[in-house]
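Here's the structure we're looking at; comments come further down.
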Protein chains: 2
Amino acid sequence: MAGRRGQATRQKLLTCLDEMLSSSPYRDVRVIDVARRAGTSPATFYQYFPDVEGAVLELAEEMSRESSSLSELATDRTWTGKAGWRTAEELVDGLLSFWRENDAILRVVDLGAAEGDKRFSKIRSKVLGGITGPLADSIGKLQSKGKADPDISPAAVAGSLVSMLTSVAGQQKAAQSWGAKKSDLKPNLAYLLYLGVTGRRPSR
Amino acid sequence: MAGRRGQATRQKLLTCLDEMLSSSPYRDVRVIDVARRAGTSPATFYQYFPDVEGAVLELAEEMSRESSSLSELATDRTWTGKAGWRTAEELVDGLLSFWRENDAILRVVDLGAAEGDKRFSKIRSKVLGGITGPLADSIGKLQSKGKADPDISPAAVAGSLVSMLTSVAGQQKAAQSWGAKKSDLKPNLAYLLYLGVTGRRPSR
DNA sequence: TACTTGTCCTGTCATGTCGTCAGCTTACCG
DNA sequence: CGGTAAGCTGACGACATGACAGGACAAGTA
């Protein structure tokens with residue numbers, strides 16, 4: 001449905017859109033600006049995408065494909081003792097850097113999902129589900145061994161913890177206003193994650 | 001700088017803008033629609049606000065003023081035993097309903113802050129600070145009594161916990177996709193909050 | 001090289017929003 | 001009831017949107 005040259009322009013438009021999203025408010029991103037930056041015309045943009053939102057969805061789907069690597073940070077991991085602490089640290093680290101690399105598009109996905117747009121909600125679920133799923137499994141297993149609180153819902157706890165991580169990740173610039181040092185962020189997130197999953201304080 | 005009639009139209013425009021934000025994507029909110037809904041003309045809108053964003057900032061500031069009531073949910077509260085559990089429950093409950101009542105504007109504030117707009121960041125800090133501040137104090141006090149982990153940063157932990165609550169609150173519709181029941185949400189958030197503040201599982 | 005073919009790009013146009021100004025309407029007061 | 005100032009709006013130039021028809025370009029053929 002598209003030739004070689006066409007694919008290239010299409011991809012260039014997507015790249016320029018991504019840059020645009022990183023540098024100006026979503027509300028102000030215009031087709032004409034994206035096209036100009038890509039060295040082409042608005043008409044070309046409309047040949048490949050229905051509108052800005054449509055193109056953003058493409059970007060989001062691309063990102064959600066890349067997010068599958070996040071699952072590895074949460075599947076088949078131990079949550080006991082010092083190895084458990086390392087699991088928490090690595091998960092926080094991986095998630096924060098993924099967010100830093102894709103902050104612009106993730107912002108828009110979050111907004112779309114919060115506004116009730118099913119297409120964005122679905123993408124968001126896919127990205128987060130890659131972590132919450134395995135994490136909930138881990139909690140469930142700890143629970144069945146009597147090592148975690150029996151009254152909690154693994155899915156709800158996992159979802160909430162991942163929400164915490166993504167929310168902090170998305171507001172990293174603003175986070176300093178809490179009065180916390182930037183270097184404090186990661187270890188304290190790992191602390192809360194470990195605590196939430198296991199119900200116990202980490203042994204570092 | 002403004003008469004009685006003027007105040008009324010201005011307020012009506014703000015109200016209509018709020019409704020608009022609740023019913024359509026922020027990106028698609030147009031001055032002309034707000035004006036029409038308020039039974040007036042675009043020119044009138046521009047008499048009171050520089051643009052949509054300017055008006056949104058007004059709404060956000062109004063909301064941040066109302067948010068001061070949130071502070072009470074976190075100041076001078078006990079975090080020990082069953083009373084501590086009630087503190088957590090009430091904080092979760094209050095925050096979730098505040099978010100539900102103001103979800104539209106809070107969404108936009110979050111976006112603006114994430115995009116690096118200082119004006120929105122400031123408002124967001126003010127709203128969240130009303131809770132994170134007292135909460136960090138509580139954690140600090142527990143810490144000095146040896147009742148909480150000495151290695152954590154109260155500010156970072158409090159900020160992260162509040163981020164968790166607000167993030168979940170902002171995506172309440174999407175939250176069911178985790179596979180968790182809606183009724184599970186509040187108790188499990190309270191669990192994580194109590195756990196994060198005290199370092200111990202709640203005694204319910 | 002010249003020609004053909006199908007893909008790809010863009011000039012142009014109708015439509016609609018933005019943001020401003022001059023001038024009209026309304027409310028209030030002496 | 002007339003004057004005055006506050007408040008509102010029609011109208012306008014500028015710009016973005018989205019659609020189409022036709023021009024430009026790469027690649028294959030002779």
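Keep in mind it's a predicted model, so treat the numbers as computed, not measured. In the text below, chain A, chain B and the rest are named by the order of the sequence lines, each starting its count at 1. Just so you know, these numbers use all the heavy atoms, side chains as well, and skip hydrogens, waters and symmetry mates.
The two atoms that bring Ala180(A) and Ala155(B) nearest to each other are CB-CB, 4.0 Å, heavy atoms only. Annotation for Leu73(A) and Glu90(A): closest pair CD2-O, 3.9 Å, computed over non-hydrogen atoms. Taking all atoms of both residues into account, the shortest heavy-atom contact from Gly54(A) to Asp51(A) is N-OD1, 2.8 Å. Contact record, Ser160(A) with Leu189(B): OG-CD2, 3.4 Å, taken as the closest heavy-atom pair. Across all their heavy atoms, Leu111(B) and Arg107(A) have their closest contact at CD1-CG, 4.2 Å.
Between Glu53(B) and Arg27(A) there is no salt bridge, since no side-chain N of the basic residue sits under 4.0 Å from a carboxylate O of the acidic one.
Atoms CE (Met20(A)) and P (dA16(D)) sit 11 Å apart, rounded to a whole Å. The separation between Phe45(A) atom CZ and dA19(D) atom P is 12 Å, rounded to whole Å.
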Distances for protein N/O vs nucleotides 21-27 of chain D N/O pairs under 3.5 angstrom?
unit_1  : atom_1 : unit_2  : atom_2 : d
dA27(D) : OP1    : Arg4(A) : NH2    : 3.3

What does the list of N/O pairs under 3.5 Å between the protein and nucleotides 13-18 of chain C look like, with a distance for each?
unit_1  : atom_1 : unit_2   : atom_2 : d
dC18(C) : OP1    : Val31(B) : N      : 3.3
dC18(C) : OP2    : Ile32(B) : N      : 3.2

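Note: Ser177(B) OG to Lys126(A) NZ = 14.0 Å, rounded to the nearest 0.5 Å.
When the side-chain nitrogen and oxygen atoms of Thr44(B) are compared with OP1 and OP2 of dG7(D), none of them lie within a distance under 4.0 Å. Within the structure, every side-chain polar atom (N or O) of Thr9(B) is placed at least 4.0 Å from both OP1 and OP2 of dG7(D). Contact annotation: Ser41(B) does not reach the phosphate of dG10(D) (side-chain N/O to OP1 or OP2, under 4.0 Å).
Using a 4.0 Å heavy-atom distance criterion, Tyr48(A) is classed as a sugar-phosphate-only contact.
The closest side-chain donor-acceptor pair between Ser167(A) and Ser167(B), if any, does not fall under 3.5 angstrom.
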